[in-house]
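First the proteins, then the strands, lettered A, B, ... as listed; each starts at 1.
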Amino acid sequence: MFQAPRGTRDLLPAEHRVRDRITAVVQEQARLCGYGFIEPPTFENAELYSRGVGEATDIVEKEMYVFEDRGGERLALRPEGTASVCRAYLQHGMANLPQPVKLAYIAPMFRYERPQAGRFRQHTQFGIEALGVRDAALDAEVMDLGWRIAEQLGLRDLVLLINSIGDLEDRRAYVPKLRAHFEPHLEQIAPDDRARFQRAPMRLLDSKDERTRPYQEGAPLITEHLSAESAAYYAAVKDQLDALGIRYEERPSLVRGLDYYTHTVFELVPNEPSGSQTTLLAGGRYDGLIEQIGGPPTPGIGFGMGIDRFALQLREQGLVDDAEEQPQVIIAALGAGAASAAGGLAGQLRRAGISATLAFGGRSLKAQLRHAGRAGCRWTIIVGERGLAAGTVTLRDMASAEQRDLPLEAVVNEVAGAAPYTENSPPTAE
RNA sequence: GUGGGCGUCGCCUAGAGGCCUAAGGCGCCAGGUUGUGGCCCUGGUAUUCGCGGGUUCGAAUCCCGCCGUCCACCCCA
């Protein structure tokens, strides 16, 4: 039997309802900040990512789904959203629009990773990018948007981790100092971390390896080596966050795995993580990215939010109600002559905004009612040849078991006029 | 890429070398006579225990390999 490919899954109705709820909140909050939604293609020229995300990143180096199409183009399934949005900004000349240009998307991302809790080979992200402006207030606004989404969904006990990793100049000055700190201990630290020493020395700061940890003590921090201008920018961002009343924590070891980040970086995480893949939302400023992919120097900031991880977190915090919505009316049809009348009635009910379905399958009335009872609908309408001869159908209230005959033309109004049925109350035994 | 746990009906679970041609619960389907549900009762729903080898007179139960899945590392949303 076929199975969904490793690391992918079918989002079944119960889970899809959770996603719909998240999607609704996200769209509303993005709208409140003035974001317009865009949908970039699912695959792009592979080089867009190696140039944008960074040649030496894990994403590009070992996680991209790269393929050649029949025309010989080297393409990649989108591993992250920012590069595409920036490409679109350039391609459509959005630098001529009032800045910042605020763009949002909800789209699947693909990375060849080993699946585990909260990590998939295909996952869906909501993301936003605000392009063309470098302003501490915008940084804070972006983080506040992420914060509000969590708030609106009812999530508790989250914390926003922030840091500044400065600009290229800052890091050019800082990295040698960092290397100098670790260099004497290269023999002692973990082999993986020795490689990092060369390629991504800032990662040494958040290594979890027991062999490396002792040497993290006393290492120089980027935040202590920012230029006066960068430090002032970071301070301004924090002032803005304070004004917004967001609970944040500075985390000097916070470095992101994509090369394009500058200055502000942040992550939204649960206070007390239960698993290990718990970053709900992460992002930062990337003032060099657009230039990297061939545009003019253009500042930008944004984040990616793991919709699947939000769903997981909602479940974990007991914020998911799995009750599924049942049709308000189930129509039972008796006899071949009643089938088309039943179908017509179902259509009329739906046009009146009442959810209705037939008890399909040509079964006995008993079976059709049993089906209706189990489904938990409010009413059953029995359409039978006998009643039809007199122009009536039977409307049965499933909770009270009361029923009466009504003219076929009257039943839609009768049901529409009743109090809305909100609770999915199970039938009670008499 | 590395390490570990687990794989019996749609779901949950029993089973630990012969009494298992696999049991129970949930769910689903049908029926309990004539056009009426929920409770109850009856029946149906895995020719087979992820797949392939091996050990044995005999394997769902032991061994090996593969696959799948879950978890952790790495990394990340």
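Base engagement by A:G387 is indicated by at least one non-hydrogen atom pair under 4.0 Å involving a base atom. Backbone-only engagement by A:Q3 is indicated by non-hydrogen atom pairs under 4.0 Å involving sugar-phosphate atoms exclusively. Among the heavy atoms of the strands lying under 4.0 Å from A:A282 are primed sugar atoms or P, OP1, OP2 only; no base atom is included. Nucleic acid contact for A:I307: none, since no nucleic acid atom lies under 4.0 Å from a heavy atom of the residue. A:G127 comes within 4.0 angstrom of no nucleic acid atom, judged by non-hydrogen atoms across all strands. Using a 4.0 Å heavy-atom cutoff across all strands shown, A:L281 reaches sugar-phosphate atoms only and no base atom. Contact annotation for A:F126: no contact, since no heavy-atom pair falls under 4.0 Å across all strands. The residue A:R256 sits close only to the backbone: its heavy atoms come under 4.0 Å of sugar-phosphate atoms, none of a base. Here A:R9 lies out of heavy-atom contact (under 4.0 Å) with every strand.
Minimum interatomic distance between A:R285 and A:D135 (heavy atoms only, all atoms of both residues): NH2-N, 3.8 Å. A:Q368 and A:I331 get closest at one heavy-atom pair: OE1-O, 4.2 Å. Across every non-hydrogen atom of A:E129 and A:G81, the tightest pair is OE2-C, 4.4 Å. Between A:L138 and A:K102, the shortest heavy-atom distance links the atoms CD1-CE, 4.3 Å. Contact between A:G146 and A:L281 at its shortest, heavy atoms only, is CA-CD1, 3.6 Å.
Taking a cutoff of 4.0 Å between a charged side-chain nitrogen and a carboxylate oxygen, A:D193 and A:R196 qualify as a salt bridge. Residues A:R9 and A:E15 are not paired through a salt bridge, judged by the lack of any N-O separation under 4.0 Å between the basic side chain and the carboxylate.
The backbone N or O of A:V66 lies less than 3.5 Å from no partner atom in the side chain of A:R74, so there is not a single donor-acceptor pair.
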I'd like a list of close polar pairs between nucleotides 40-44 of chain B and the protein, N/O only, cut-off under 3.5 Å.
none

Could you go through nucleotides 25-28 of chain B and list every protein N or O atom that sits under 3.5 Å from one of its N or O atoms, giving the distance for each pair?
none

Which pairs, protein N/O on one side and nucleotides 2-8 of chain B N/O on the other, fall under 3.5 Å?
residue : atom : partner : partner atom : Å
B:U2    : O4   : A:R114  : NH1          : 2.5
B:G3    : O6   : A:R114  : NH2          : 3.4

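More than 12 non-hydrogen atoms from other residues, nucleotides or ligands lie less than 6.0 angstrom from CZ of A:R315.
Comparing B:A22 with B:C29, their P atoms are spaced 25 Å from each other, to the whole Å. Distance check on atom P: B:U13 versus B:C70 gives 16 Å, rounded to whole Å.
Distances shown here put a side-chain N or O of A:Q116 below 4.0 Å from the OP1 or OP2 atom of B:A72.
In a base pair of the Watson-Crick type (N1 to N3 plus N6-O4 or O6-N4) or a G-U wobble (N1-O2 and O6-N3), with each distance short of 3.5 Å, B:G43 is matched with B:C29. The pairing partner recorded for B:G37 is none, the criterion being a Watson-Crick or G-U wobble arrangement whose two distances lie under 3.5 angstrom. Across all strands shown, B:A23 forms a Watson-Crick or G-U wobble pair with B:U13, both key distances being under 3.5 Å. Remark: B:C74 base-pairs with no nucleotide in the shown strands. Criterion, Watson-Crick or G-U wobble with two distances under 3.5 Å. Checking B:G18 for Watson-Crick or G-U wobble geometry (two distances, each under 3.5 Å) identifies B:C57 as its partner. Base pairing analysis places B:G7 opposite B:C67; the two distances defining the Watson-Crick or G-U wobble pair are each below 3.5 Å.
When each of B:G31, B:A77, B:U36 is scored by its nearest atom to the side-chain atoms of A:A367, the top-ranked nucleotide is B:G31. Of the candidate nucleotides B:C71, B:G37, B:C75, B:C75 has the atom lying nearest to any side-chain atom of A:D58. Across B:U36, B:C75, B:C76, the shortest atom-to-atom separation from the side chain of A:K366 is found for B:U36.
Under 3.5 Å, the side chain of A:Q403 and the base of B:U36 form at least one donor-acceptor pair of N or O atoms. With hydrogens and angles ignored, no donor-acceptor pair closer than 3.5 Å exists between the side chain of A:R6 and the base of B:G68. For A:R203 and B:C75, a side-chain-to-base donor-acceptor distance below 3.5 Å is absent, hydrogens and geometry of angles not being considered.
We find that CG of A:D193 is positioned 10 Å from C1' of B:C74, with the value rounded to whole Å. Distance, A:M398 CE to B:C39 P: 12 Å, rounded to whole Å.
Shown are A:E80, A:R121, A:R78, A:M64; of these, the side-chain contact (heavy atoms from CB on, under 4.5 Å) with A:R111 is made only by A:E80.
Under the stacking definition used here (centres under 5.5 Å, planes under 30°), the residue A:H371 fails to qualify as stacked on the base of B:G37.
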